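Working notes for the structure below.
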Amino acid sequence: MTLDDLRVFVAVCRAGSLSAVARELDCTQSAVSQHVKRLERETGVSLLERQPRGVVPTQAGRVLEAAAAEGITGLDLALRRLRELVDGESGSVRVATGATTVRHFMSDAVVAFRQRHPDVSLEFRTESSSRACFDALADSSLDLAWITLGAPVRGIEQRPVRELPWVLAVRADDPLASRSSVEAAELQELRLIRLPPNSTSAAHLDASCAELGVRFAFDTSVADWDTALLLAELGLGRAVVPSLPGLDVPGTRGDLRLVPLPALRPLSVGWAVRRWDALSPLARAFADTVVARCRR
């Protein structure tokens, strides 16, 4: 049994396909199969079950996959730390973020971090959702992910950094624009711009509404918060969005008005990592810089 055997096996379990992993590794399907067969000989149990479309791990396979994935992650982190001890201040920090995260939560921190660590490489990987950020953390050498906090995820530690109250974004000439606040129940009769249905923020909003016995109706869907704000500013709908850093609430931005929705439970955002105690000094420094800037 080798480390390569375990890496390939974990990749097959996640892809559900021997051929897909073979393409990714630029080798033959037979070579991938040999890694799995070697593990099965060592363990004495069947690890994969063939199905009409690909493969799935058996019960024994799921046990091995979970242990192998956790062990490989820890080893990769350790090797990364060793490389950075050799490189000193010329290492790198790799971060998974949403489409608008850097602009709203990290712009000042990136400048401050760069001034203190001019030789460090900052690498940002854009993901479509918090779930995708979790997957990216588990599957790659990423250090950190900025997420909307949700339910616990196995093998991932989540740390809240800031709570974002909900606001109603409307055009300046909207009848609700002059209000100091709006109750969630008042929005039931309105058609709203919907946050991405598969996002953690949308799930949180739905749960907050359910707590109040309220259900919103939607006629437009967007991929991110900034697009929802833009459509509201153009008068193409009203949007319920988190109050992002840099936006005055209640307040104005061009033709946009932001009206607080105090009854809705705030949204919590922050960091996700595999293990805080395994973060490199540079990654921890960047995370701390973002936290300090966000809490100002």
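Because the structure is predicted, anything quoted here is derived from the model rather than measured.
Both L230 and L236 belong to a single network of hydrophobic side chains, linked directly or stepwise wherever heavy atoms of I, L, V, M, F, W or Y lie under 4.5 Å apart. Follow the hydrophobic side-chain contacts under 4.5 Å out from V63 and you never reach V55; the two are in separate clusters. Cluster annotation: V56 and V36 are assigned to distinct hydrophobic clusters (Ile/Leu/Val/Met/Phe/Trp/Tyr, side-chain heavy-atom contacts under 4.5 Å, transitive). Residue V111 is not grouped with residue F113 when hydrophobic side chains (ILVMFWY) are merged at heavy-atom distances under 4.5 angstrom, including chains of intermediate members.
Judged by distance alone, the side chain of S130 and the main-chain N or O of T148 form a donor-acceptor pair under 3.5 Å. The backbone N or O of W271 sits nowhere less than 3.5 Å from a side-chain atom of R159 that would complete a donor-acceptor pair. Counting only distance, with no hydrogens or angles, the side chain of Q29 and the backbone of L18 share no donor-acceptor pair below 3.5 Å. Looking only at distances, a side-chain donor or acceptor of H204 sits under 3.5 Å from a matching main-chain atom of P266.
Using cut-offs of 30° and 60° on the angle between ring planes, the pair F216 and F218 is perpendicular.
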In sequence, state the C-alpha distance, the side-chain angles, and the governing distance for M106 and T97, and then conclude on side chain to side chain contact (heavy atoms under 4.5 Å, CB included). CA-CA 10 Å; M106 298 184 188; T97 71; 4.1 Å; yes
Please lay out, stage by stage, how L258 and L229 fare under the test side chain to side chain contact (heavy atoms under 4.5 Å, CB included). CA-CA 9 Å; L258 302 172; L229 290 169; 4.0 Å; yes
Apply side chain to side chain contact (heavy atoms under 4.5 Å, CB included) to V167 and V182, showing your working. CA-CA 9 Å; V167 297; V182 174; over 6 Å; no
What's the verdict on side chain to side chain donor-acceptor pair (under 3.5 Å) for T28 and S30, showing C-alpha distance, side-chain angles and the deciding distance? CA-CA 5 Å; T28 65; S30 176; 4.8 Å; no
Please determine whether side chain to side chain contact (heavy atoms under 4.5 Å, CB included) holds for the pair R125 and L142, giving the CA-CA distance in whole Å, both sets of side-chain angles, and the decisive distance to 0.1 Å. CA-CA 9 Å; R125 173 171 163 178; L142 290 171; 4.1 Å; yes
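Look at R265 and E211 and you find a salt bridge, because one of the NZ, NE, NH1 or NH2 atoms lies within 4.0 Å of a carboxylate O, short of that distance. Between D206 and R194 there is a salt bridge, since at least one side-chain N of the basic residue sits less than 4.0 Å from a carboxylate O of the acidic one. Electrostatic pairing of E186 and R179 counts as a salt bridge here, judged by a charged N lying under 4.0 Å from a carboxylate O.
With no hydrogens or angles considered, a side-chain donor-acceptor pair links T289 and R116 at under 3.5 Å. S199 and S201 are linked by a side-chain donor-acceptor pair at a separation below 3.5 angstrom, with hydrogens and angles left out of the test.
Rounded to the nearest 0.5 Å, atoms SG (C27) and NE2 (H35) are 6.5 Å apart. In this structure, CG on L6 lies 5.5 Å from CG on L39, to the nearest 0.5 angstrom. A distance of 8.5 Å separates SG in C209 from CG in L187, rounded to the nearest 0.5 Å. Here CG of L47 is found 10.5 Å from CD of E65. Values are rounded to the nearest 0.5 Å. One finds the CG atom of D5 at 13.0 Å from the NZ atom of K37 (value rounded to the nearest 0.5 Å). Rounded to the nearest 0.5 angstrom, M1 CE and E40 CD are separated by 11.0 Å.
With a 6.0 Å radius and a threshold of 12 heavy atoms from other residues, nucleotides or ligands, R114 has its CZ atom above the threshold. Annotation for Q51: atom CD counts as buried by contact number, over 12 foreign heavy atoms lying within 6.0 Å. The number of heavy atoms from other shown groups lying within 6.0 Å of CZ (R53) does not exceed 12.
For the pair L25/V8, a side-chain contact is recorded, criterion being any heavy-atom separation below 4.5 Å from C-beta on. Looking only at side-chain heavy atoms (C-beta outward), R293 and S107 stay at 4.5 Å or farther from each other. Residues R94 and F124 are not in side-chain contact: their nearest non-hydrogen atoms beyond the backbone lie 4.5 Å or more apart. Under the 4.5 Å side-chain criterion, counting only non-hydrogen atoms from C-beta, V95 is not in contact with D143. Considering only heavy atoms from C-beta on, P242 comes within 4.5 Å of W225 through its side chain. Two residues are said to be in side-chain contact when any heavy atoms from C-beta on lie closer than 4.5 Å; V161 and R295 meet this criterion. Counting only heavy atoms from C-beta outward, the side chains of Q158 and F134 approach each other to under 4.5 Å. Contact annotation: the side chain of F105 approaches that of L164 to within less than 4.5 Å [non-hydrogen atoms, C-beta and beyond].
Across L176 and D174, no two heavy atoms sit closer than the pair N-OD1, 2.8 Å. A pairwise comparison of heavy atoms in S180 and V259 identifies C-CG1, 4.2 Å as the closest pair. Taking all atoms of both residues into account, the shortest heavy-atom contact from A136 to E127 is CB-OE2, 3.6 Å. In this structure, L137 and R274 approach most closely via the heavy-atom pair O-NH1, 3.1 Å. Among all heavy-atom pairs drawn from L144 and A287, the shortest one is CD2-CB, 4.0 Å. Between I147 and A272 the shortest heavy-atom distance is CD1-CB, 3.7 Å.
Considering T200, L264, L261, V241 as possible partners of L205, the one that fulfils the side-chain contact (heavy atoms from CB on, under 4.5 Å) test is L264.
Seen from the ring of W276, R284 does not count as a face-on cation partner, given the 6.0 Å and 45° thresholds.
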